[in-house]
Amino acid sequence: MASRIAEIVALLVGLLVAPQAHSQFETRSSFYVGAQQPESLVVGDFNRDGIPDVAVPGVYGSGNVEILLGNGDGTFRHGATYAAAEAFHAAAASLRNNGILDLVVGAAGEDYVYVLLGNGDGTFQSAVPYPTTAHSYMVAVGDFTGTGNLDILDLEAVTSQGQVCDCVEVLPGNGDGTFGPPITTPLPYSMTGYVMAIGDFDLDGKIDVAVGGEEFPNYQVAILLGNGDGTFTADGYYLVYGPPSGAAAAYFTSSKTKLDLAVSNGPGVSILLGNGDGTFQQQVSYPAANSAWVTAQDLNGDGKVDLAVADSGEVLKEPAGVDVLYGNGDGTFQPEVVYPIPGRITAYYVAATDLNNDGKPDLAVVDFLGQHVITLLNTGAATFSPTTPLSFEKQLLGTTSTPMSTTITNSGTSDMTFSSIHCSGAPFRMTGNTCTGSLAPGAQCSISADFTARATGLASGTITINDSASSKPLFIQLVGQGTSLGIAPGKLQFPTERVGALSQPRAIHLTNVGSSTITFDHPVGVFGAENQDFPQTNDCGLSLAANASCTVTITFAPQHKGTRSAYVEMEDNGGDSPQYIPLSGIGD
């Protein structure tokens with residue numbers, strides 16, 4: 001039994017990795033997952049090629065499970081898509097104990113869990129539903145009945161008939177990928193459960209479950225000790241700072257015998273250190289803004305468990321990304337290190353695994369609103385600044401940008417030798433490189449590149465780096481955008497003007513430098529709550545021929561005192577749409 005529990009915990013935590021002295025994470029790729037909004041993902045080697053793959057269940061939208069097959073470099077290719085219920089979470093395990101990974105998917109809007117048996121080649125059989133009492137918030141897999149077979153644990157809430165079942169249910173496994181009727185344990189303390197983590201908290205060889213949720217007005221984590229027959233016994237609860245959104249069980253101290261808990265809850269992460277008897281110490285909270293999910297793993301190879309926290313951003317206002325809290329090995333953690341992800345994303349989930357087979361754990365992140373899976377590769381001793389791709393400002397066709405640079409620091413303890421550095425991607429050119437020969441510990445070098453717009457729309461490139469500190473090449477992503485619509489000036493700021501008066505007119509010139517006609521989706525105009533303070537006329541129409549220009553003439557006529565603002569907007573096919581030209585002035 002103990003060996004089976006250890007096997008399950010290893011499966012849930014992820015791939016074990018060889019020790020490394022340092023870690024830093026750099027955004028590597030972004031992969032669109034189609035017409036669904038995912039809250040989570042599941043990592044596993046579904047086609048048994050030694051490279052991690054990803055299964056993405058959709059909670060809103062198509063309700064499908066999409067398989068992304070790993071390429072071994074942190075990028076993915078589309079696999080098959082399978083019809084299943086919309087789901088918050090899923091789990092992967094070899095339900096038939098044959099070495100082939102299968103999938104368990106909880107239904108967020110139905111009273112079922114679904115099982116997709118794997119074929120071992122990256123494909124799965126059709127989803128088979130198994131009845132449950134209520135909708136699923138989260139599923140996990142383990143031997144909860146003591147039979148030696150893997151069972152399904154389901155955290156549930158409201159039924160399809162609108163009734164409440166705040167409970168956990170175990171569906172006993174038959175060892176062949178089929179499951180029996182659920183065994184139900186109501187949640188104690190009148191609480192509603194949101195998330196859960198499993199582990200042997202009292203060291204009796206039976207799997208227990210920690211459920212994070214709410215008992216109004218308190219947020220708490222309840223401990224349910226496994227009885228070994230699919231039922232659980234309540235063993236107390238512990239308050240946490242905010243609404244639990246993720247939970248992870250791991251060893252945060254050097255004893256490696258008493259499981260601890262990390263619970264993400266909005267403004268931070270709560271740490272509950274285990275006593276080894278099923279009880280826990282009171283929470284200690286660490287700041288981690290907008291925390292949506294937490295994963296526990298040794299990310300820098302020092303033998304101490306660290307935390308990766310999905311930072312969802314603030315409704316697209318604050319940058320999203322991953323916050324890493326490095327563990328000290330005594331149950332405490334260092335302040336968060338923020339690895340932002342460029343673009344307007346919402347990071348809801350993060351998993352840790354070695355995506356490029358270099359012996360270091362990388363991160364896979366779910367973007368809920370943007371519907372992407374984003375990977376951050378662990379660069380180890382070669383730490384980069386910035387950690388995000390070099391994203392050039394939009395560039396007019398035929399023009400070249402100002403160079404942008406990345407600085408590399410050797411954060412290791414021995415010299416780092418660069419064997420090759422090259423740039424690929426036609427619109428990009430490496431303009432400078434001091435990363436040659438050997439780089440001493442603590443020393444820095446830099447690589448710079450520029451972008452020449454040769455076509456409208458997005459362009460991407462890569463600077464590939466081979467060095468002695470990394471077993472696989474490292475990358476600097478390059479992103480640029482070409483546009484055929486020239487805009488001058490890029491903003492207008494009017495002098496202070498009396499209320500009711502009219503300023504001198506000022507002009508914005510739009511020029512099509514391309515060889516094709518630019519079409520506008522709607523007439524060029526002034527928008528915003530205070531647009532009437534900026535009357536305009538223009539001769540642009542709904543199209544602009546190649547090499548032609550048009551003019552937007554704007555005056556400032558403040559209707560009220562104070563700062564007034566609006567913007568000119570163009571939506572078009574010129575390669576960088578929509579474009580906004582800020583307008584501002586002060587009414588006196």
Side-chain angles (χ1 to χ4, degrees), residues 9 12-14 16-17 19-25 195 197 199 201 210 212 219-221 238-276 279-313 319-341 347-353 360-365 376 378-381 383 387 411:
V9 169
L12 292 172
V13 168
L16 296 178
V17 295
Q20 296 289 333
H22 302 271
S23 73
Q24 185 196 255
F25 297 93
V195 296
F201 302 135
Y219 300 108
Q220 61 194 38
V221 175
Y238 303 86
L239 298 180
V240 291
Y241 188 75
S245 55
Y251 299 108
F252 300 150
T253 65
S254 57
S255 67
K256 305 294 184 185
T257 57
K258 304 172 183 178
L259 273 176
D260 310 304
L261 289 169
V263 181
S264 54
N265 47 59
V269 178
S270 294
I271 303 300
L272 288 78
L273 297 181
N275 297 317
T279 66
F280 289 80
Q281 300 175 33
Q282 297 301 317
Q283 68 164 343
V284 175
S285 292
Y286 293 83
N290 309 306
S291 61
W293 186 263
V294 59
T295 293
Q297 186 164 330
D298 180 6
L299 299 175
N300 58 359
D302 63 357
K304 303 167 185 176
V305 173
D306 311 305
L307 302 176
V309 182
D311 179 347
S312 64
V322 177
D323 302 342
V324 174
L325 287 73
Y326 290 102
N328 296 317
D330 58 0
T332 66
F333 292 85
Q334 299 172 30
E336 62 181 340
V337 179
V338 180
Y339 295 103
I341 298 173
Y348 270 28
Y349 189 95
V350 58
T353 191
K360 299 188 289 288
D362 309 302
L363 301 175
V365 179
L376 287 78
N378 189 337
T379 63
T383 60
T387 60
S411 60

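Computed from heavy atoms alone, side chains included, the values below leave out hydrogens, waters and symmetry copies. Along the sequence shown, residues carry numbers from 1.
- Closest approach of A262 to V294, counting heavy atoms only: O-CG1, 3.7 Å.
- Not a single donor-acceptor pair under 3.5 Å links the side chain of N378 to the backbone N or O of K360.
- Nearest heavy-atom pair, A351 versus T295, reported as atom, atom and distance to 0.1 Å: CA-OG1, 4.1 Å.
- The backbone N or O of D330 lies less than 3.5 Å from no partner atom in the side chain of N328, so there is not a single donor-acceptor pair.
- Residue L261 holds its CG atom at 7.5 Å from CZ of F252, rounded to the nearest 0.5 Å.
- Applying the side-chain hydrogen bond (donor to acceptor under 3.5 Å, both in side chains) test to T387 and every residue at least two apart in sequence or in another chain returns nothing.
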(message) I'd like to know whether Y241 forms a side-chain contact (heavy atoms from CB on, under 4.5 Å) with Q283, so could you lay out the CA-CA distance, the side-chain angles of the two residues, the decisive distance to 0.1 Å, and finally the verdict.
(response) CA-CA 8 Å; Y241 188 75; Q283 68 164 343; 4.1 Å; yes
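- Residue Y286 comes nearest to L325 through the heavy atom pair CB-CD2, 3.6 Å, listed as atom of the first residue, atom of the second, then distance.
- Remark: of the listed residues P243, P244, S264, P244 is the sole one forming a side chain to side chain contact (heavy atoms under 4.5 Å, CB included) with V195.
- Across Q297 and P361, no two heavy atoms sit closer than the pair NE2-CB, 3.6 Å.
- Annotation: the span from L307 atom CG to L299 atom CG amounts to 8.5 Å, rounded to 0.5 Å.
- At least one donor-acceptor pair under 3.5 Å links the side chain of S291 to the backbone N or O of G268.
- Not counting sequence neighbours, Q282 has no partner by the side-chain hydrogen bond (donor to acceptor under 3.5 Å, both in side chains) test.
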(request) With side-chain contact (heavy atoms from CB on, under 4.5 Å) as the test, would you mind laying out the steps for Q24 and Y339 before giving the verdict? (result) CA-CA 8 Å; Q24 185 196 255; Y339 295 103; 3.5 Å; yes
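- Using a distance-only test at 3.5 Å, with no hydrogens or angles considered, a donor-acceptor pair links the side chain of D298 to the main chain of G303.
- Rounding to the nearest 0.5 Å gives a distance of 7.5 Å between OG1 of T257 and OH of Y251.
- Residues meeting the side-chain hydrogen bond (donor to acceptor under 3.5 Å, both in side chains) test with E336, sequence neighbours left out: none.
- Across all non-hydrogen atoms, the minimal contact from T379 to T383 is OG1-CA, 4.2 Å.
- Here CG of D260 is found 8.0 Å from CD1 of I271. Values are rounded to the nearest 0.5 Å.
- Within the 4.5 Å cutoff, no side-chain heavy atoms of N275 are placed close to those of K258.
- The minimum heavy-atom distance linking L259 with F280 is given by the pair O-CE2, 3.4 Å.
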